[in-house]
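Model, not experiment: these values are computed from the prediction. Lettering of chains follows the sequences in order, A, B, ..., and the numbering in each one begins at 1.
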Amino acid sequence: MSLLRYGYVSGPVIGAIWLFVLATTISVTMSFATGDAFRPALVSSLVLGALAGWIAVTPQNKTTKIAMISALVFATSLTGFGPTVMQSTATSQGFVAILLALVMGWSIVSIMAAVPFGSLSRHEMEEAWIRFLTGFGYIFFTAIVLIPFYVMVMTSLKSQSDLLQNPLDFSLDFDKGAALFRSYYELFRDFNFGTYMWTSFYVSVLTVLITLAFSIPGAYAVARLNFRGQKAFSRSILLIYMVPMIVLALPIYIAFSVTGLRNTVIGIILIYPVTTIPVALYMLQGYFRGLPPEVEEAGLMDGLNRLQVIWKITLPLALPALASVSLYVFMIAWNEFLLAFMLLDDPSKFTLTRGVAMLNSSEIPREHLMAGAVIATVPVMVLFLGLEKFMTKGLTAGSVKG
Amino acid sequence: MNIATPPKGRGPLAKREARLAWSLLLPTITMVSLVVILPLLAIFWISFKPIGLADLRPPAPVLRESLRGSGDDLRIEYRLRNSSRDTEITDVTIRDTWPESLIVVGDLPAGCHLDGTVFACDLGALEPGFNERLRVPVMLADGADKDAAEDAAEGSRPHVRGNAESILTNFEFTFDNFVKVFDGDEFWSVMWVTIFYTVFGTVGALLLGLFAALLLNKSFRGQGILRGLYLFPYVAPVIAVAFTWVNLFDPFSGSANALLLQMGVTSEAINFFGQRPLALIMVTVFEIWRYFPLSFLFILARLQSIDTDMYEAADMDGASPFQKFWYLSLPMLLGILSVLFLLRFIWTFNKFDDIFLLTGGNAGTRTLTVNVYEQAFAVSNIGAGAAVAVIIFGCLLVFSVFFFKFISREEGL
């Protein structure tokens, strides 16, 4: 470790790993984008990277260093000894060479900014490593999140036989025009996905409404009113939150079979709120506790009774929390799969997730399944991205106080 | 310490408040106990019963009525059957209304009598597998049409009643389910898979979440977008992302395999979700991938609420970045980390749909929760499924004791 306290050691080590990371990233990106063969070359990445890292810590001005490193990476890439091995068109090979050269030159010099050639102070060394880890982190997280969603969307637009030939070729044939969206069109036309969406939508909205109707009074009572068993109660809410759904699903299945509620949307609407009420109660009571009690007491002094206080003072104040709880509950209901899967058999009553599960069969082409997945995902994503602030605030502020 | 003691007893105001509180809570309590407590009790009950999926319907007498023959041979026939092959049905009675156009000519079967148009029988017990016909010879009244009489006779549905012991409600108990569940190596392999999945899934998601939170704990342009992006795996429906993963890692047409082949990492396609140790690892990785955003969100919120003064003071004292993380941030995060650990531990332990969708519990990925489903629906042994559920619930109680010890310290609940 103490060796790393020298610029001429830390620089090449970081440079070697960093160039390999970059080469891998670019290879993966280009493979997914073009379907051609790109792969990182381990040995030359490490060697070139070490060289680049060494240049980056030499005492020269910044632009010279970037130029030298870029030239080095670019020249080796063109001659075939570069950090990536490519079998593709000349344009994309040239593009990769230039991109890799520029990105490597700029990034390694930034990572090694203010790192001297000789011995390093602890700050200088740690900061260089942190900059490296930060860069790596951004690439890593963005890749693991984006790749599955990219594959999901692209698979839905391509035919299965095309993908079997080259699973990496996600390039789209734009000449097809609207026919690109054939699998979506067929889902709505032949598989009733319009109905499923509508069922999912109203089931989710009703779940939100019922959940709020039950959990607002409950949360208020737990947060504000004194009664014997208050603590035990707020604990048991959490305990219920922890009971696994599969344990409950078994007796619920039996009970619904006996009472004829199985295979009905009413049954689903009855059961969904129960899974969300504990969560909503817990989130809301956390928020209610954070509201200043003085305002409510002032209301009480002015002659309102408790229910009026809740209606006229607490609820308006808690509006942001209500919004985020509603969003969260909506998301849970929309995404719910297990109960819908166990309780619904009749295709005319499916929710969207149950409908997607139905598509998972060997007779139905893969692009339909993925198109179904996209249809199920897009509404929550849009809702979530639009109201992301509410969501994150509500989730964190309400449930576990930080 | 000298603490002022509050007045003893409860005043009318306090009582009124408590009454209000309970009435506000009543709807929730009713609903939750109906759908949570009752099923839990049912699970305990069923776990001690020798019951399969087919036993859900109690044995019942089945009756069909028809008017047969013609002229002198005209008769009403009842075909009576015991639906069960191994349970006796007692106190079987039949009640039916006959049309006036039919007149009884012969003897009524034993135990039956006719009162006006009402035909009633008291047949006593039906042995298991009972399947016989009761015949009542009749003739048509003057001027009555046979088809009309037939329609009228068969149109009025006969009522049949009988008492049978349903296996669900009788008092026959057995430990067979538990014996079966604990028996053999299977249980311990399921247990081991569950522990592996839970521990690594939890720790992995926490570490990844911590890493992501540290990355985004500074303001720069695009921070909001990245934060939204990193929450995607958690927000998307499980069914969509699970199928995407199955697709992505498919041994024949999966992009991941193609990528690995191309990079020369492997020489032949890997069956990620179908090989024994690998499938479990993949399922755990999926769990980490799907739930790191949750820990990320909570840890980030905590990080952002730490006072910056502390870091400024540390800067003045010359602390290095790692020292600041180790000696300042981490102790501040310890509370939220332990709460998250316990919560995630319990939820991962309870997780069912992820594994069910990815592998269906095959290739050595059967956890306790998947085992409930397997036993109850795949093997059709509801009793054994319930027994596994009881075991899960027992584990859960143990965890929650730990949980409340921690959370009460953290939250003052």
Contacts under 3.5 angstrom, residues 135-149 of chain A side chains, donor-acceptor by atom type, not counting sequence neighbours:
residue   : atom : partner   : partner atom : Å
Tyr138(A) : OH   : Leu215(B) : O            : 3.0
Thr142(A) : OG1  : Tyr138(A) : O            : 2.5
Thr142(A) : OG1  : Tyr230(B) : OH           : 3.3

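- Proximity to chain A (any heavy atom under 4.5 Å) is shown, for Leu38(B), by neither the backbone nor the side chain.
- For the set Ser255(B), Ala319(B), Ala258(B), the entry with the most heavy-atom pairs within less than 4.5 Å of chain A is Ser255(B).
- Your options are Gln262(B), Met263(B), Met31(B), and the one with the most heavy-atom pairs under 4.5 Å with chain A is Gln262(B).
- Remark: Arg39(A) CZ to Leu259(B) CG distance equals 12.0 Å, nearest 0.5 Å.
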- Task: Starting from the C-alpha separation in whole Å, work towards a yes-or-no answer on side chain to side chain contact (heavy atoms under 4.5 Å, CB included) for Phe227(A) and Leu20(B).
- Result: CA-CA 9 Å; Phe227(A) 61 98; Leu20(B) 178 68; over 6 Å; no

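- With chain A as the partner, the residue from Phe399(B), Phe349(B), Trp347(B) showing the most heavy-atom pairs under 4.5 Å is Trp347(B).
- Between atom CG of residue Asn226(A) and atom CD of residue Glu17(B) there is a gap of 5.0 Å, rounded to the nearest 0.5 Å.
- Between chain A and the options Pro27(B), Ser23(B), Ala42(B), Ala14(B), heavy-atom pairs under 4.5 Å are most frequent for Pro27(B).
- Interface remark: Ile310(A) contributes side-chain atoms only to the contact with chain B (heavy atom separation under 4.5 Å).
- Only the side chain of Thr155(A) comes within contact range of chain B, judged by heavy atoms closer than 4.5 Å.
- Note: Leu214(B) CG to Leu133(A) CG = 10.5 Å, rounded to the nearest 0.5 Å.
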- Task: Please lay out, stage by stage, how Tyr373(B) and Leu250(A) fare under the test side chain to side chain contact (heavy atoms under 4.5 Å, CB included).
- Result: CA-CA 8 Å; Tyr373(B) 185 88; Leu250(A) 196 62; over 6 Å; no

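- For a residue to count as touching a neighbouring chain, one of its non-hydrogen atoms must lie under 4.5 Å from one of that chain's; by this rule Met152(A) touches chain B with backbone and side chain alike.
- Heavy atoms of Arg224(A) lying under 4.5 Å from chain B belong exclusively to its backbone.
- Side-chain rings of Tyr253(A) and Phe377(B) approach one another, their centers coming within less than 6.0 Å.
- For Leu281(A), the part lying near chain B is the side chain, with the backbone staying farther off; criterion is any non-hydrogen pair under 4.5 Å.
- Residues Arg366(A) and Asp250(B) have side chains in contact (heavy-atom distance under 4.5 Å, counting atoms from C-beta outward).
- Contacts with chain A were tallied for Ser400(B), Ala212(B), Ala376(B); Ala212(B) has the most, counting heavy-atom pairs under 4.5 Å.
- Residue contact with chain B, scored on non-hydrogen atoms closer than 4.5 Å, involves the backbone of Leu270(A) exclusively.
- Between Asn247(B) and Met370(A), some side-chain heavy-atom pair lies under the 4.5 Å cut-off.
- With a threshold of 4.5 angstrom between heavy atoms, Met342(A) approaches chain B through side-chain atoms but not through N, CA, C or O.
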- Task: Could you please spell out the steps behind the side chain to side chain contact (heavy atoms under 4.5 Å, CB included) verdict for Phe356(B) and Phe337(A)?
- Result: CA-CA 11 Å; Phe356(B) 178 70; Phe337(A) 158 73; 4.2 Å; yes

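- With sequence neighbours excluded, no residue satisfies salt bridge (Lys or Arg N to Asp or Glu O under 4.0 Å) with Asp36(A).
- Top candidate by heavy-atom pairs under 4.5 Å with chain A, chosen from Phe393(B), Phe252(B), Phe220(B), is Phe220(B).
- When heavy atoms are compared at a cutoff of 4.5 Å, Val28(A) approaches chain B by way of both its backbone and its side chain.
- Taking Ile246(A), Val151(A), Leu307(A), Ile375(A) one by one and counting their heavy-atom pairs under 4.5 Å with chain B, the maximum is reached by Ile246(A).
- Considering only heavy atoms from C-beta on, Leu248(A) stays 4.5 Å or farther from Val35(B) through its side chain.
- Of the atoms belonging to Ile271(A), it is side-chain heavy atoms, and not backbone ones, that fall under 4.5 Å from chain B.
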